[in-house]
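Have a look at the structure below before the remarks.
Sequence positions, counted from 1, serve as the residue numbers for this chain. Only this structure's heavy atoms are used, side chains among them; waters, hydrogens and symmetry mates stay out. Just so you know, these numbers come straight off a predicted model, no measurement behind them.
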Amino acid sequence: MKKGLLVFLLVIGASLQQGVFLKAQNVEAREEILPNGMKLLLIERHESPVITAGWVARVGSVNERPGITGISHLFEHMMFKGTTTIGTSDNAKGMEIQGRQDEIRARMEEEYTALRLRLRKGEIRGSIYDPENMTPRLKELRGQLEELFKEEKEFIVKDELDHIYTSQGASGLNAGTTNDQTLYFISLPANKLELWFWLESDRLLNPVFREFYSERDVVREERRLRVESTPTGLADEAFDAMFWQSSPYSWPVIGWTSDVESINREQAQQYFDTYYAPDNIAAVIVGDFDPDKTLELAKEYFGRIPRGKTPPPQMITVEVDQVGEKRFKAEVDTNTRVILRYHTPPFNHADNFPLQLMTDSLAGRTGRLYKALVEEKELISGEPRVALNELKYGGYFEVSTEVKEGVTPQAVEAAILEELEKLKKEPLGERELQRLKNNLLANSVKQLQTNFYLVLQVLFYESLDSWKYINESPRKYQDVTADQVMKVADQYITGNNLNVGYYLRKEGANTEIPEELAGLPAELRTQVMQQASMISQLDDREKLEGALAQSEQMKGQVPPEIAPAMDYMIKVIKTRLEELDGTNGGKTADTPEGE
């Protein structure tokens, strides 16, 4: 992902993935399907002469397979590397060098194949990619490849796409990969709409996967920062892998290291041809524009992209029914936490509407869990995180809490289960149920006020099912009855469907909580602190400044509950920049981007 990704992940995680996304007002969108199958959604807002635009490829980690996990996220990086005309001073020369890189990488793969056999026989230890396992021939080939990396850079115009946009007043160029989709978006002056059509259609029509093999190294470093060097990253991956038995949601979006290391440019091209075809993409424009002229621009620019030759494969494998309780225990460098997770249906399933209201009855400082576990029993520290996560092909309900000092995780688990059991036997009161519905409606109004959030939500829902969920869901929530809430609680909150995670504080772990984050839910606080840890290790001034600019731009747009997190992130970025001022001013070449 481009600079500012840290902020994007924080906002997406808190605003969309937690399930609080009921929409309370009617969104009027003009829907057009271009001859090549691309969907275009036009939403007029003439309050100011700006637009926010984006597009989504209906592909994420769920569409991958063992051997190429992480390719969706890797490819997101590739989409910022330029085209035949952007990002290069001599494309022909650059392509010739890339061809030589592919030849060397193919010979390196022969060496890696031999190392895999030696690893299976126990003749070497660790990873086949560890430096100590590198054969003399592999070292020679690696050296040749690195020389070609240097040669390729001579013909690369770094970050030219970003520079073109910013020189014309645009801001917030960014992207994100999730389990189910890959999104690209930006805000720009209304009179630069044609520029957006030209640049984005060029990205889809004439992509060039520059720095492909070196970018895999960037992703590997990103994985180290985001997962391996964070307090709970590896534990979270292991818990997810336990939770999903048959579904491809079991592997992380960033992929397994062994797979990312082995993906080649040919596989990337096949991936692009399959999933980045226009008939697998939807674009949305929100803001001040003329719809008829915009449609003509879409036909002129996006219309020149040929329809895909092969439709994306259907998702065949579904998650099997869980047949018994599963338990996971790990030691982590943070305060002890307890997680309870249950399988639930995929996005827009009828049962998710009462499940969301059940979730909201437990969540927040006015929810049942806070009252029971914090105010009455004093078992947990701070607000519990309660979420319904609706994915395209499955979902889950989760409670995550931070255990108070001196309290056992078993006691917290038992107290949570006690509150969940009440939902099966005692219907929500009429006033409580209506309050929950009203809160959802009120939150939905706030989330539709800015063009940025509206674009993200339209892209998000359109990739899962349909953007019309924005308009259709309020009525479905209003129709939910207390009996329906009891029914879904009884159906999904069962022992055979239960997954329990104990994250036990490792001896000597640093569990100090920044004062600014003390009031945040433990789960969100952990996410923010992990992001802050990543920032503290970044040395690239340009990327840090980009993250700072986007953070400050988005500060006034985030929900109030996230504002302290945004303030803290801004403070951390500024501190890191000040630290770099006292050293070498930051690295400028080959420094890994944050995802």
Side-chain angles (χ1 to χ4, degrees), residues 1 5-6 8-10 12-14 16-18 57 59-78 127 129 175-183 215-263 267-268 271 275 315 317 319 326 328 330 332-334 337 339 341 343 385 387 389-396 398 400 463 499 501 503 523-524 526-531 533-534 592-595:
M1 184 173 290
L5 155 86
L6 306 173
F8 173 75
L9 290 180
L10 177 65
I12 288 292
L16 294 179
Q17 299 289 8
Q18 289 186 12
V59 60
S61 60
V62 73
N63 303 100
E64 299 164 357
R65 57 175 172 76
I68 60 168
T69 65
I71 194 172
S72 300
H73 168 246
L74 172 63
F75 204 86
E76 174 207 319
H77 283 239
M78 287 296 99
S127 167
Y129 302 105
T177 307
T178 74
N179 300 100
D180 293 311
Q181 61 272 122
T182 310
L183 307 91
E215 195 68 19
R216 295 185 322 176
D217 297 338
V218 170
V219 173
R220 185 177 65 246
E221 175 66 8
E222 184 180 327
R223 175 182 167 80
R224 185 189 70 80
L225 291 172
R226 286 184 49 208
V227 179
E228 298 163 7
S229 298
T230 59
T232 65
L234 292 174
D236 292 337
E237 283 188 342
F239 186 67
D240 285 341
M242 179 193 78
F243 179 77
W244 299 105
Q245 179 175 336
S246 58
S247 166
Y249 288 129
S250 61
W251 51 72
V253 173
I254 202 168
W256 301 121
T257 300
S258 57
D259 290 355
V260 174
E261 290 272 14
S262 66
I263 296 170
Q267 290 172 319
Y271 171 93
Y275 292 106
M315 179 57 61
T317 305
E319 180 67 9
K326 299 180 185 179
F328 174 81
V332 296
D333 290 315
T334 186
R337 287 169 52 194
I339 302 173
R341 185 187 289 185
H343 289 278
R385 178 185 182 272
N389 196 340
E390 299 179 53
L391 301 171
K392 190 171 185 176
Y393 303 104
Y396 59 84
E398 180 177 282
S400 177
S463 61
N499 296 261
Y503 288 17
E523 183 80 9
L524 179 56
T526 299
Q527 291 178 7
V528 175
M529 292 175 67
Q530 289 178 348
Q531 299 263 6
S533 176
M534 289 173 57
E593 300 178 22
E595 181 208 24

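Judged by distance alone, with hydrogens and angles left aside, the side-chain atoms of T232 form no donor-acceptor pair with the main-chain N or O of A235 at under 3.5 Å. W251 places a side-chain N or O within 3.5 Å of a backbone atom of S61 that can act as its donor or acceptor partner. Judged purely by atom type and a 3.5 angstrom limit, E64 uses its side chain to pair as donor or acceptor with the backbone of G70. In this structure, E76 contributes its side chain and T177 its backbone to a donor-acceptor pair below 3.5 Å. Listed for the R220 side chain is no donor-acceptor partner under 3.5 Å among the backbone atoms of E261. Of the possible donor and acceptor atoms, none in the side chain of S400 sits under 3.5 Å from a partner among the backbone N and O of R385. Using modelled atom types, no side-chain atom of R341 and backbone atom of E398 make a donor-acceptor pair closer than 3.5 Å. A donor-acceptor pair under 3.5 Å links the side-chain atoms of S250 to the main chain of S247, judged by distance alone.
The two residues V59 and N63 have their closest heavy-atom pair at CA-OD1, 3.3 Å. Here the closest non-hydrogen pair linking P231 and V332 is O-CB, 3.5 Å. Residues S262 and G67 approach most closely at OG-O, 3.9 Å, considering heavy atoms. Taking both residues in full, the closest heavy atoms of I263 and I68 are given as CD1-O, 4.1 Å, listed atom of the first, atom of the second, then distance.
Two residues are said to be in side-chain contact when any heavy atoms from C-beta on lie closer than 4.5 Å; F243 and E319 fail this criterion. Between W244 and H343, some side-chain heavy-atom pair lies under the 4.5 Å cut-off. No side-chain heavy atom of F75 sits under 4.5 Å from any side-chain heavy atom of T182. Residues V62 and K392 have side chains not in contact (no heavy-atom distance under 4.5 Å, counting atoms from C-beta outward).
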TODO: Please report the C-alpha distance between V218 and E215 in whole Å, then the side-chain angles of each, then the deciding distance to 0.1 Å, and finally whether the side-chain contact (heavy atoms from CB on, under 4.5 Å) criterion is met.
DONE: CA-CA 5 Å; V218 170; E215 195 68 19; 3.7 Å; yes
- [ ] Show your working on side-chain contact (heavy atoms from CB on, under 4.5 Å) between R223 and V260 and close with a plain yes or no.
- [x] CA-CA 10 Å; R223 175 182 167 80; V260 174; over 6 Å; no
Task: Candidate pair E228 and T257, rule side-chain contact (heavy atoms from CB on, under 4.5 Å), full reasoning - done: CA-CA 11 Å; E228 298 163 7; T257 300; 4.0 Å; yes
TODO: Start with the C-alpha distance between I339 and F328, add both sets of side-chain angles, then the distance that settles side-chain contact (heavy atoms from CB on, under 4.5 Å), and finish with yes or no.
DONE: CA-CA 9 Å; I339 302 173; F328 174 81; over 6 Å; no
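Here OG of S72 is found 12.5 Å from CD1 of I254. Values are rounded to the nearest 0.5 Å.
A side-chain hydrogen bond (donor to acceptor under 3.5 Å, both in side chains) with Y503 holds for exactly one of T334, D236, D333; it is D236.
The aromatic rings of H77 and H73 lie perpendicular to each other, with more than 60° between the two planes, well past the 30° mark.
Using a 3.5 Å distance cut-off with no hydrogens or angles, the side chains of D180 and Y393 do not pair a donor with an acceptor.
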